[in-house]
Chemist: 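One structure is given below, represented as structure tokens, and several questions about it will come after.
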Amino acid sequence: MAVPKRRTSRSNTRSRRARWRASAPDLVPIVVDGVQHSVPRRLVRAVCEGRVELP
């Protein structure tokens, strides 16, 4: 496990955490059994091969 060389100040830690934002996944429209779905790009192949069930 990585061990930090120096302690990060509270100010720098809070500033870094405040800037972090989650990003929405890039959705791609695909057609499965004649119905169009929007799925994340990384799951397109799995959905087309039937390894992931769509809701």
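All values below come from the heavy atoms of this structure, side chains included, with hydrogens, waters and symmetry mates left out.
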Chemist: Mind listing the side-chain donor-acceptor pairs of residues 27-43 below 3.5 Å, one per line with the distance, residues two or more places apart or on another chain?
Modeler:
from, atom 1, to, atom 2, distance (Å)
Arg41, NE, Asp26, OD2, 3.3
Arg41, NH2, Asp26, OD2, 3.2

Chemist: To the nearest 0.5 Å, what is the distance between OG1 (Thr13) and CZ (Arg7)?
Modeler: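 Reported value, rounded in 0.5 Å steps: 8.0 Å.
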Chemist: Which atom pairs, donor and acceptor, lie under 3.5 Å between side-chain atoms of residues 46-55 and protein residues at least two apart or in another chain?
Modeler:
from, atom 1, to, atom 2, distance (Å)
Glu49, OE1, Arg51, NE, 2.9
Glu49, OE1, Arg51, NH2, 2.8

Chemist: Could you list the residues that satisfy side-chain hydrogen bond (donor to acceptor under 3.5 Å, both in side chains) with Arg45, not counting sequence neighbours?
Modeler: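 side-chain hydrogen bond (donor to acceptor under 3.5 Å, both in side chains) list for Arg45, sorted by chain: empty.
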